[in-house]
Structures are given as structure tokens and as C-alpha cells.
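What follows is one structure encoded as C-alpha cells, with my remarks underneath.
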Amino acid sequence: MTLTAARAEAIAAGLAGVRQRMAEAARAAGRAPDSVRLVAVSKKMPVADIEAALAAGQTDFGENYAQELRDKQAAFPAKVIESPSASAPAPTPSPASSPAWHFIGPLQSNKVKYVAGQVALIHSIDSTALLDEIDRRGQDTAVLIQVNLAGEAQKRGVTAAQLPALLDHFATLSHARCGGLMLIPPLTATAAANRPLFAALRALRDHHAATTRPRVELAELSMGMSHDFDVAIAEGATIVRVG
């Protein structure tokens, strides 16, 4: 697919607008703008759009479907596995040759082969079975634990009570490591309505970060999407997922 100049300009302008909002939200919260990382949600978007976003300085891209991710990876000459930590200074945006991929959708055990060792970060781990399957693949893989604090039956994620056992399970693994927590809040009429959930995830992270566990370093909070990332940043998000 050939991208028009107008489409490329629109993508660049959209990214610039999101980055500005992120920086403003971070400063308002007394945080450095580079303490928050943007994952551009690229599911269902053509490769040409991703190329335009890369040219505009975007490096991190989020996919929901394992086979779509596999196919998009094949369109680029090399995989960029490592993504800058949100706790480290972010580089000045510049054109990149290949994305740092994030898997942000529900993951099934039979799809692990497409993402283990192939992405910068898997955001949606919620069971020991998935962790064991990732580990069985024998490739170092960074993951986040998805927590369902709202108790929504239609969404995956562990409860706060189930989280300690899952964190403890990393001690039995050799290749999977935990980098933090992730949350998908309910759809609400206002962004502010989800503030208590964002604050609760931060408090949960801080509580468990005080306990030393093998292969666990709870640095990241992946929370906040297009309609509420400003509030998530105010409550401590280190990664926001914006489409």
C-alpha cells in the first residue's frame, strides 16, 4: 500500500499531539516527560502507516493479535527487541528502521510461539500456564502481569489477591521475567472515573515492589489509553497505549 503525503502528515501530527499531551500531563504531575513511554496501538493498521510513524520518530508499537504481529514483523528488515526503559532517559525521537513490538492483547498458549522472545514486552500475562509456556520456548522474554481490579468478568487478568502467587512463580522460571503490571479499566463516561483504579494499581505495584523476588522487577505500570492516558500519567503510568 502506497501512503499519501497527506496520510503521512496526519500520522506525524497525531503523534506530535499525543506526545504534547503526555508531556503536559507528566509536568502537571511533577514528573519528567521522558518518564512515560508511548506505545502506538497499530492493530489492524497497514504496514505503510507503521512506516510513517517510524519516520515521525515513534519506536514502540502495540499489537493485539499474534499472527498479525508475525506478519507485520516480516515486513521489516530486522526486529528491534529492546525498548528503552521508562525509568531511563528517552532518546530524542528520530527515524527508526524497525519497530520495538509490544504484545498487548489476550494471549493464548498456542500463540505464545509467535511472541516469546520476539517482542520488547508482553503486557497481558495472567496465568502460570502462560508463563510456563513462554519459559519452555527458551528465549528471554519480558512480561507484565495483567490485573483486573474492576472485577470485570469479560476481561482477563488476575485479582489483587491472586497476584502474589503469580509473582512468586517467576522464581521457578529461567527465561521469563516480570517488569511490572498492566491494567485495562472499564469504559467510562469520563476519564476521571478510572482514577481510583489507576491509583490502586500503582499502590499494588509499590506494595509488591517492596518484596524481593527472583526475576521480578516491578518498574513498569502499563495503564491509560486514548481517552484517559492523561489521568493515568497523573497516577504514575510509565507506559500508555494509544491508538
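- Taking NZ of K43 as the start and CG of N64 as the end, the distance is 4.0 Å to the nearest 0.5 Å.
- Checking side-chain atoms of S42 against main-chain N and O of M45 turns up no donor-acceptor pair under 3.5 Å.
- Side-chain contact check for T141 and R177: no donor-acceptor pair (N or O, by modelled atom type) lies under 3.5 Å.
- Judged as a salt bridge (Lys or Arg N to Asp or Glu O under 4.0 Å), and not counting sequence neighbours, E9 has no contacts.
- T238 and E220 form a side-chain donor-acceptor contact under 3.5 Å, judged by distance and modelled atom types alone.
- Rounding to the nearest 0.5 Å gives a distance of 13.0 Å between OG of S222 and CD1 of I122.
- Under a 4.5 Å side-chain heavy-atom criterion applied to ILVMFWY residues, the cluster that includes I104 comprises V41 as well.
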Would you mind writing out the side-chain donor-acceptor pairs for residues 163-175 within the sub-3.5 Å range, not counting sequence neighbours?
unit_1 : atom_1 : unit_2 : atom_2 : d
D168   : OD1    : R213   : NE     : 2.7
H169   : NE2    : D132   : OD1    : 2.7
T172   : OG1    : H169   : O      : 2.7

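- The cationic group of K111 does not satisfy the cation-pi geometry with Y65, failing either the under 6.0 Å distance to the six-membered ring centre or the 45° limit from the ring axis.
- A side-chain donor-acceptor contact under 3.5 Å links R205 to the backbone of A219.
- For T4, the side-chain contact (heavy atoms from CB on, under 4.5 Å) criterion is met by A6, R7, not counting sequence neighbours.
- Listed by chain and residue number, K72 satisfy the salt bridge (Lys or Arg N to Asp or Glu O under 4.0 Å) test with E68 (two or more places apart in sequence, or in another chain).
- The ring-ring contact (aromatic ring centres under 6.0 Å, His included) pairs that include a residue from residues 106-143 are H102-H123, where partners are two or more places apart or lie in different chains.
- Contact check on R136 versus E133 returns a salt bridge, with a Lys/Arg side-chain nitrogen under 4.0 Å from an Asp/Glu carboxylate oxygen.
- Here the CG atom belonging to N194 is positioned 4.0 Å from the OG1 atom belonging to T188, to the nearest 0.5 angstrom.
- Here the shortest heavy-atom pairing between A116 and Q139 reads O-OE1, 3.1 Å.
- Without hydrogens or angle criteria, R31 side chain to I233 main chain gives a donor-acceptor distance under 3.5 Å.
- Residue pairs meeting the ring-ring contact (aromatic ring centres under 6.0 Å, His included) criterion with at least one partner in residues 27-61, sequence neighbours excluded, are absent.
- Taking A16 as the reference, nothing meets the side-chain contact (heavy atoms from CB on, under 4.5 Å) condition, with sequence neighbours excluded.
- To the nearest 0.5 Å, atoms CG (L144) and CD1 (I125) are separated by 9.0 Å.
- R70 is linked by a salt bridge (Lys or Arg N to Asp or Glu O under 4.0 Å) to nothing, counting only residues two or more places apart in sequence or in another chain.
- For R195, the side-chain contact (heavy atoms from CB on, under 4.5 Å) partners at least two apart in sequence or on another chain are V231, A234, E235.
- Listed by chain and number, the residues in a side-chain contact (heavy atoms from CB on, under 4.5 Å) with K155 are N148, E152, I184 (sequence neighbours excluded).
- To the nearest 0.5 Å, atom CE of residue M22 and atom CZ of residue R37 are 10.0 Å apart.
- Annotation: the span from L204 atom CG to L149 atom CG amounts to 6.5 Å, rounded to 0.5 Å.
- Listed by chain and number, the residues in a side chain to side chain donor-acceptor pair (under 3.5 Å) with D126 are R156 (sequence neighbours excluded).
- The two atoms that bring Q146 and S124 nearest to each other are OE1-CB, 3.5 Å, heavy atoms only.
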